[in-house]
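Here the structure is a predicted model, which is why all the values come from computation and not from measurement. Read the numbers this way: they start at 1 and go in the same order the structure lists the ligands and their atoms.
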Amino acid sequence: MPEPAVSPPARPGLALHWKVIIALVLGVIVGASIFEFWSASTWSAIGVGDAAAFRDFKPSDANAGAGIAAGVARFVGGLNEFVGRMFLQTLRFIAVPIVLFSLIIAVAGVGDLRKLGRIGTKTLLCFGFTLIVAVAIAVLLGKFVAPGTFVTPEARAQILAQYAGEAAQRVQTAHQLKDQGVWAYLLGIIPTNPFNAIANAQMMQVVASAFLIGIGLTLIPRERAAPVVGFCEGMAEAVMALVRLIMFFAPIAVFCLIAQFVATVGMGALKSVLAYCLCVVGGLAIVLFIEYPALMYVCTPRANKMTPGRFFRGMAPAATLAFSSSSSSATLPVTIQCARDRLGVPADIANFVCPIGTTLNMDGTALYQVISVLFLAQLYGIELTLAQHITVGIMSAVVAVGTPGLPGASVIMMAIVLESVGVPTEGIAIILAVDRVLDMSRTIVNVSGDAVACVVVAGSEMGVATPAR
Ligand code: ASP
């Protein structure tokens, strides 16, 4: 693929990943301070009796005394939310075109179906290997740390009551998905109308469409395919140039997203299920800091090893964005950019592996599902047999592959795993209480896993280059 005509904006001073990390820390500090010190009495001190109505611009007599200070507070809160959402929305705008065009040129660019099969097989093998290791780590941690035995019955009853309604909704959605049946689900991967799939951002279907069009292009004479491939290359480069531009604003957006999250959610429920949270985060850390670096180290050529330092420095913008957005789909454009520009993965491999990985490769999600199901079984005093532990592992792996890269998606899918071993689905209420923080953490692993697969496949094909910057 030709080099981009538009070079990234000059970045004087601090590297982007440091700016994003500093923004993340500042966002947590500001959000936690607001959560701690801004209460109902602060609102009433500035003349607001009904804060919810005031924030939503609804008329209320209780807010008759609201003055300039209240207006400024509302404006700052609204602006903060706007900036964070705007950033994510712009990335979502890019997600469908990037999957479509990158994958078409990646598949068509491979040129012959044998090579495509080889790269595809390596990619799937890498996804499968990291998934199995992640699930094994989760089963061992869930069984031997036994986080469910640390929760007091009072805390359990309180959280169950608080989140029961929300949990019931998720279980209902899971039933609708399950009732669809596995054959219907598989059939649904191929869209009857690719334009419909694109219009509705059905990622799995967009991947399938791009794949089929790419294969079609390899089957026709080169000169007939060239204009279409050229168009897709131009569009993919334009979209990547937009990503680089948008990433310029990432530090501000990350600050806004995190500050808003911490200011509204707080960390209260975390304390009563701390052992469970630590177990999930510990498992994710093992995958991220031990499994992935070891695999990349083994699979990259001796002359150009992918060291952990190089990998994590290169992936920092994507990882911090995954953490703040909880969405691997929204992070996809940045994942591709990090893999190509910062890790030195050839564009055709990054364009091929990342879009597929975002839809299929979810190690963090699988690990989280296993530990959560074992945690709930322990909490309800249900003794699972060895066969049931294996069932939880297999079901979580399968369900993770079908989980979309969206915030909170796996809590819905978890109901299917819970039912497979007879653990009450109401338990999802307990998981929901702390899900957002764990979602942010597992999304980092999901996104990093895609870049790991890029590095491994590139290492086995032709090696990774030293990044340009
Ligand atoms: N939020 C996760 C992702 O986007 C999916 C999930 O586990 O809920 O990768």
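- Screening residues 188-197 for salt bridge (charged side-chain N to carboxylate O under 4.0 Å, His left out) gives no qualifying pairs among residues at least two apart or on separate chains.
- Residue-ligand proximity, Ser410 to ligand 1, at heavy-atom distances under 4.0 Å covers atoms 6 (C), 7 (O), 8 (O).
- Nearest heavy atom pair, residue Val135 against residue Ala366, reads CG2-CB, 3.9 Å.
- Residue pairs meeting the salt bridge (charged side-chain N to carboxylate O under 4.0 Å, His left out) criterion with at least one member in residues 358-367: none, sequence neighbours excluded.
- Residue contacts with ligand 1: Thr403 is placed with no nitrogen or oxygen under 3.5 Å of a nitrogen or oxygen of the ligand (distance criterion only).
- The protein heavy atom nearest to atom 1 (N) of ligand 1 is Asp439 OD1, 2.7 Å.
- Annotation for ligand 1: atoms under 4.0 Å from non-hydrogen atoms of Asn446 are 2 (C), 3 (C), 9 (O).
- Leu91 pairs with exactly one of Thr331, Leu332, Leu321 by the side chain to side chain contact (heavy atoms under 4.5 Å, CB included) rule, that one being Leu321.
- Rounding to the nearest 0.5 Å gives a distance of 10.5 Å between CD1 of Ile356 and CG of Asn361.
- Within the model, atoms CH2 of Trp18 and OG1 of Thr320 stand 11.0 Å from one another, a figure rounded to the nearest 0.5 Å.
- Annotation for ligand 1: atoms under 4.0 Å from non-hydrogen atoms of Ala409 are 8 (O).
- Counting atoms of ligand 1 from 1 in the listed order, those under 4.0 Å from a heavy atom of Thr365 are 5 (C), 6 (C), 7 (O).
- Residue Ser327 approaches ligand 1 through these ligand atoms, each under 4.0 Å from one of its heavy atoms: 4 (O).
- At least one N or O atom of Gly405, backbone or side chain, sits closer than 3.5 Å to an N or O atom of ligand 1.
- Protein heavy atom in closest approach to atom 3 (C) of ligand 1: Ser328 OG, 3.2 Å.
- In terms of protein heavy-atom proximity, atom 5 (C) of ligand 1 is closest to Leu406 O, 3.5 Å.
- Residues Gly84 and Cys256 approach most closely at N-CB, 4.0 Å, considering heavy atoms.
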